[in-house]
Structure formats: structure tokens, C-alpha cells
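Read through the structure below, which is laid out as C-alpha cells, and then see the notes.
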Amino acid sequence: RLARAPDGAIAVTDRWGHERRYAAVLSTCQTWLLTTSIETDERLFSQKLWMALDRTRYMQSSKTFVMVDRPFWRDRDPVTNRYRMSCTLSDRLTRGTYLFDNGPDRPAVICLSYSWMSDALKVLPLPPERRVALMLRALSAIYPDVDLPARIIGDPVTISWEADPGFLGAFKGALPGHYRYNRRMYCHFMQDDLPPEQRGLFLAGDEISFTPAWAEGAVQTALNAVGGIVRHLGGAAPAANPGPAESFAALAPVELPE
Ligand SMILES: Cc1cc2nc3c(=O)[nH]c(=O)nc-3n(C[C@H](O)[C@H](O)[C@H](O)COP(=O)(O)OP(=O)(O)OC[C@H]3O[C@@H](n4cnc5c(N)ncnc54)[C@H](O)[C@@H]3O)c2cc1C
């Protein structure tokens, strides 16, 4: 739970009911969690920011991994001299198949499938074994001479980010018209003009950035949030090396009419 404590601090209550109070709090989880797994006091954000947080749109994504006995894909086909198998982008169910080796003759890993959106939804209700069977069937049409099932050791590992209560989606996929929402979230680290009851809770992460699905944007927004927190606590970057807060006026995303 996130709430304003009577002394003005932000009170963070964990799942065991322990409350701790802080002058500043940084939230880096998916923004949808602020209205689902985290009980967030509505007064901590403006209604316009809540609208942005709630309208953030997440993409679905799924991956399915199996472990194999060794990186057999590095072997050459004696007839064609081509690799047995390689990174495979397909318009079939698998979409993206990636190969990870850990040295010759050591167990290796195949990501049988990395898919997004509709393709991820196709496997959402399916258990790991069924997902693997479907992926192997699709790959057997592409590699008829490779006996993939004979290579597999161990149980498959699969994830659908949208089915994980700690995520509810893989990463932001902003829709046309969402610039205004993105700008609200991205600029929230500058809190000078906010009413006192909306200060102290900061946001960073993939969906706060303008470049979701890339770690770089998460890092950039983290730096912004740190700059905002330092300012909130009364500090500043050195004059010769200005931080995001000091550079905000010059570099802020353009404000467009709503
Ligand atoms: C399938 C997929 C593929 C990707 N591929 C690439 C790529 O190739 N290159 C690239 O640069 N980026 C890629 N990304 C994006 C990259 O993973 C993200 O940009 C980055 O991980 C975002 O970092 P973050 O700290 O914002 O959030 P996350 O790494 O998502 O961390 C948020 C954390 O908050 C935790 N959390 C949730 N709820 C709570 C709670 N109540 N209390 C405490 N903790 C909580 C979550 O468990 C999670 O660990 C990919 C992402 C996905 C999902």
C-alpha cells in the first residue's frame, strides 16, 4: 500500500503489513499495478496523471524455452555444408526461435518461440507441454531433418507476461494519441508545481520512457527520477555537471495542445 502518512511522509506498507515512512518513494513497476496489486491512495497523483497511468497500453509477449543436450546447430549438414539449424524468424506460430550455447558439448538452450500480441495470445491458455508440442510441430516443417524432441533434456520453461500478476503485460506499446499521456508520466519527476499532497512519489521504468521495450528508456527515466528526488530533498547537481532536473527547461518534451 502507498499512502500519505499524517506526518506528510509517504507510507509504504508491505505484504506482511509492515509500514515504513519515507520522504520520497520511487515506483518502478508496471503502472497498472498501482491500481491492482498495490493499493495506492488516489490523492498521491492528479486525475490527469491517473488517466495516463491507466491508459498506458501494454503489449502481450510470450517465450518458451527448452534445454537440449548440446549446441547441435553448430554441426554442418554433410550434404549442404549448412548449419543444422540457426536463428529462425518465421510467420508460423514460433515467430522467433533463438539458440543459446554455453560451449561445445555442454547443455544448451533453445528459445523455441518469442512472440508478441496476437501470437502471444494464441498460447496464453496453454500449459508448457502443449506450447512445446505446437512449437516443435511448426519447426519440424522448417527443419524436417532435425530431430528436436530427441535433443530435449529437462522440463520446458515458458512465460506469458500478461498472465503474471507482477507484470500484467510485457512492455508498453503506445497507441496513436498517447503522446500526451506519455508526456505527463515522463515529466512527473519535476514536482515543483505540484500541490504538496502530490509530491514525493516518483515513477521510473519502461513505460514512463518514450522508448518502451528497451532497457535504455528505463535507465533514462531512472536517472530523471533520481534527479527529481534529489531536488525534492533539497539538493542539486553540481553547476558544472547539470542533471535532468537542472536541464529540464531546455530539454523537456514539447508540450502539445490537448
Ligand atoms: C519479452 C521482453 C523482451 C525484451 N527485450 C529487450 C531487448 O531485447 N532489449 C532491451 O533493451 N530491452 C528489452 N526488453 C525491455 C527491458 O526488459 C525493460 O525495458 C526493462 O527490464 C525495464 O526495466 P524496469 O526496471 O522499468 O522494469 P522491470 O525490469 O520490469 O522491473 C520491475 C520490477 O518490479 C517488480 N514488482 C512488481 N510489483 C512489485 C511490487 N508490488 N513490489 C515490489 N516490486 C514489484 C517486478 O517483479 C519487476 O522485477 C524486453 C522486455 C520484455 C518483457
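Atoms within each ligand, like the ligands themselves, are counted from 1 in listed order.
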I'd like a table of donor-acceptor pairs (distance under 3.5 Å, sequence neighbours excluded) in which one partner is a side-chain atom from residues 115-126, with atom names and distances.
| unit_1 | atom_1 | unit_2 | atom_2 | d |
| --- | --- | --- | --- | --- |
| W116 | NE1 | Y114 | OH | 3.0 |
| D119 | OD1 | K122 | NZ | 2.9 |

Exercise for the section: Decide whether a cation-pi geometry holds between R74 and Y83; the criteria are a distance under 6.0 Å from NZ or CZ to the six-membered ring centre and an angle within 45° of the ring axis. Expected result: no
Exercise for the section: Please find out if less than 6.0 Å separates the ring center of F248 from that of F189. Expected result: yes
Practice task
Check whether any side-chain N or O of R84 sits under 3.5 Å from a backbone N or O of W73 as a donor-acceptor pair, and report yes or no.
Solution key: no
For ligand 1, what N or O to protein N or O distances fall under 3.5 Å?
| unit_1 | atom_1 | unit_2 | atom_2 | d |
| --- | --- | --- | --- | --- |
| ligand 1 | 11 (O) | A215 | N | 2.8 |
| ligand 1 | 12 (N) | A213 | O | 3.1 |
| ligand 1 | 12 (N) | A215 | N | 3.2 |
| ligand 1 | 14 (N) | A213 | O | 3.3 |
| ligand 1 | 19 (O) | D206 | OD1 | 2.4 |
| ligand 1 | 19 (O) | W214 | O | 3.4 |
| ligand 1 | 26 (O) | D206 | N | 2.9 |

Handout entry: Closest non-hydrogen atom pair, M51 against Y181
Key = SD-CE2, 3.8 Å
Problem - From L34, T221, N224, residue fulfilling side-chain contact (heavy atoms from CB on, under 4.5 Å) relative to L203 - result: L34
